[in-house]
Amino acid sequence: MSKKSRRRAASPSGGVQSPDVAAPAEEVAAPEPVPEPEPLRPLRLLTDVEPEPVSETVLRTLMRDWRRGRATRHVWDMIQDGYVALLATVMIGAMLVSVVIRAQGAVSACTSESCQSSRTLLPWAALCGVLALTLMVSRIFGPVVASAAEGFWLMEAPIKRARILWGRLISVMFAAIAVAAVFGGLVAALSGSSWAGVVSWGVAAGLGAGGLTALAAEEQTADRTWVVRTLQWIVGLVGLAALMTVVAVAAGWLPNAGFFASSENRFDLVVSIAGAVLLVVAGVVAILRLDWIRRARLVSGGSLVAGMQGAMYALDMSLMRDILVERDAIARGHVRPTKGHGTGLAALVYRDAQRIVRFPKQLILLLLSIVVPYAVGALGLGVLSPVISGLVLLSAIVPLLGMLRVLSRTGGLARAFPFSTAQVRTAAMVVPALATLVWVVAVTPAFTGLSAGTAHLSWTDAAIHALVTGLAGLLGAVRWVTAKPPNYNKPMIQMGGFGAMPPGMIGNLIKGIDIVALVSLPLLFGWSYWISIIIAGIAFFVLRGSMNMEDMQAAQEEQKRNLEAAKADAAGGKKKIPPPKR
Amino acid sequence: MAKQRTPVLKVSKLSKAYGSHAIVSDFSLEVWAGDAIALTGRNGAGKSTILRCLVGADKADGGTIEICGNRLRESDPAVRRDLATVIDDLDFFPDLSVVEHLDLLARAHGLPDAEGAVDDVLHEVQLVAQSGQLPGTLSSGQRRRLALATAFVRPRKLLILDEPEQRLDVEGVEWLATRLKAEREAGLAIVMASHEPRLVDAVSTKTIRVGA
């Protein structure tokens, strides 16, 4: 550095011109008055104090009082304030029930082989899916959890943890039973089962999920996960086999549902009995051994719940997924580094592919989603296939967009690359787009009307329908991972009795779904597929960041300044050009 | 050192407010190659806000910012090529290891010997043993070292750092001071906010006390 430049940097004209923020470096703050020191108190070492026994019941009551005593409103007040939302919930619930009943009636009227096989198989698949999900969620969270505060203040105290924890284990088991029963029954109804079948599958799902939650809790007390993991894979594979059979029957590769269709194989009954037995036996063992659960294991699940709750309050599903992904990566901890290839944007694309190969389970959902258009066609709902398959594809592509997610959630990492936002985003979409292309090829036969109940299309039209569905799912997923979270810096929107809500919060709920609907609905309405393709093109242009409003505004202001400068030059005057307004 | 015709960083009348509360007003600054500007001041004085505006993470309410003669647009590839930053919004890929992050950045910037550069920086920030670790498992100090490494592994003309000494141990701060001093002497322009007097004394050619 030259002396001249040093002088320039140090000079008032080259340095700070801000009366509000800047002052000479030599300036020293005025000394603050020193407070009088407090007199020293004698130390209480508590070495000779014998602690009295603590009643866990009293502690639990205290905790309840702290929580309820600090509430500013009762539940009834909330209901009174939110009567509009309550009415809306009741109305939407009634509409959903009506839709389910009508769909059940329509689907049960279908008597083709593929409809019958779907009716038999889809509840199997749904039941297995619910049970696998129960095992996964139980393993990830605990299922017995304690908050960080409870972990610090209570779990370290000389008390019996079981007396604090048994209540929440029972609650978790009942919650699993209720949620799984509703889901299992719903799928059975939507696939056209009789009402007795709906109840039977619902009970099986509920008891099965309850039993597996109890088992997961028992395994938590033993501090092991392999039993739950193995069961999760077995149940998941049975569900996959059921789904594949749906496709095979719809395609005519199998004459009927075979093993799954046999009336002697009352899978629902077996699961119900096994679930009930497991619920009682594993539940009792788990409750008796609740003291064995390590504090770190309890608090780990509790902190995860807290993180998820925080994301849920903002209705930010992407953040919830980020938390799970981060947790998964931490559990893995270490990888064998691989060598990169290429330079520039190619290096980014190559690393994205390596990233996906390293965690191949991200592809499982994509592979499973191939079944969906076939299953929808087999149910005689082929006309809805672009919308339904597009939505499922959205959820299957999201795990592949991990690189795009990181590059768009905060600007720091994207700024480190010497590319524009549009270039970075496009590079991060390449590998997921290739995966989508494979999906499109794999599902094209489903759109030819291979399944009963689906309108017959030529191979060309079927390929275009599959392509549009693929574009809808891919772009929906891109929107899902790149959408901005609710903005808490802007003024809140008043929401009646519910207080206020930050802008963008409700939009967060439908992000991704909106793009799938926009792209795929023209096919549903029987319009030209060109409309869908044009909408997809516009969506891609916007989502890749080509329409950055701030950049466009800055460029416009720059042009305006240049124009004014040119005018001033032409006039030969010394007109002062104002700085741009932002 | 040969004088360049344009400053590496030129800030004119920068202003930024949150609501009605002005954080920065009419802040002007010129930084030339070989300059190291240190922003000091109390917590909440506006140092980080200034730096966030300089890198384009926050939008200024008024004023202009130019980097190597280019008007600052955060997504401009030319700006991103010249500007390396370590501020609080740096993120990492959860499923790429330490060494893979650095390799990716070096290759993205087209370094001819990316592997050699990555190896050198890894040794320098003392993360060789952690090269295969995923970022989520690093300690806070190791994460800070990785963040600094992302700035050192790529070509740059201007380095903007927000309290780079944060979470570094004593040896780490000494290493950082030596490194930044060498960077400055090699002609790099540096703007940093810091609460560490040793770092400021060793590195800066000018100190600006913000909010005094």
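Here is the naming used below: chain letters follow the sequence lines, and residue numbers restart at 1 for every chain. Since this is a predicted model, take the numbers as computed values, not measurements.
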Can you see whether B:D89 engages A:T410 through a side-chain donor-acceptor pair at a distance of less than 3.5 angstrom?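 Absent: no donor and acceptor within the cut-off.
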Polar contact flag, side-chain donor to acceptor under 3.5 angstrom, B:R73-A:S420: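 No, because no side-chain N or O of B:R73 sits under 3.5 Å from a partner of the opposite role on A:S420.
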Mark yes or no for whether [X], through its side chain, and [Y], through its backbone, hold a donor-acceptor pair below 3.5 Å.
X	Y	result
A:E326	B:P94	no
B:H109	A:A416	yes
B:R81	A:P418	no

Is the shortest side-chain heavy-atom distance between B:R80 and A:T421 below 4.5 Å?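 With C-beta onward as the side chain, the pair touches.
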Does some side-chain heavy atom of A:V335 sit less than 4.5 Å from a side-chain heavy atom of B:L134? yes
Chain B contact via A:I330 - side chain, backbone, both or neither, heavy atoms under 4.5 Å: both
What part of A:R409 is in contact with chain B, defined as an atom under 4.5 angstrom from a non-hydrogen atom: side chain, backbone, both or neither?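 A:R409 touches chain B through side-chain heavy atoms alone.
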salt_bridge([X], [Y]) N-O dist < 4.0 Å:
X	Y	result
A:R355	B:E100	no
B:D95	A:R358	no
A:K339	B:D103	no

Closest non-hydrogen atom pair, B:L104 against A:A347: CD1-O, 3.6 Å
Minimum heavy-atom distance A:Q423-B:P77, with the two atoms named: OE1-CG, 4.0 Å
Checking [X] against chain A: side chain, backbone, both or neither under 4.5 Å from a heavy atom?
X	value
B:I87	side chain
B:E115	side chain
B:V86	neither
B:F92	backbone
B:A84	neither

For chain B, find which of [options] contributes the most heavy-atom pairs closer than 4.5 angstrom.
options	value
A:V406, A:T343, A:L348, A:V424	A:V406
A:R336, A:M403, A:R405	A:M403
A:A346, A:G402, A:A414	A:A414
A:F419, A:F359, A:Y350	A:F419

For the atom pair CG (B:D91) and CZ (A:R415), what is the distance rounded to the nearest 0.5 Å? 11.5 Å
Heavy-atom pairs under 4.5 Å with chain A - which of [options] has more of them than the others?
options	result
B:T150, B:T40, B:V55	B:V55
B:V11, B:L138, B:D88, B:L105	B:L105
B:D82, B:L111, B:T85	B:T85

Full working for side chain to side chain contact (heavy atoms under 4.5 Å, CB included) between B:L90 and A:L413: CA-CA 6 Å; B:L90 188 60; A:L413 196 52; 4.3 Å; yes
Do other residues, nucleotides or ligands put more than 12 heavy atoms under 6.0 Å from B:K10 NZ? no
Partners of A:V357 by side chain to side chain contact (heavy atoms under 4.5 Å, CB included), sequence neighbours excluded?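 Result, side chain to side chain contact (heavy atoms under 4.5 Å, CB included) vs A:V357: none returned.
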With B:E163 via side chain to side chain donor-acceptor pair (under 3.5 Å) - residues at least two apart: B:Q166, B:H195
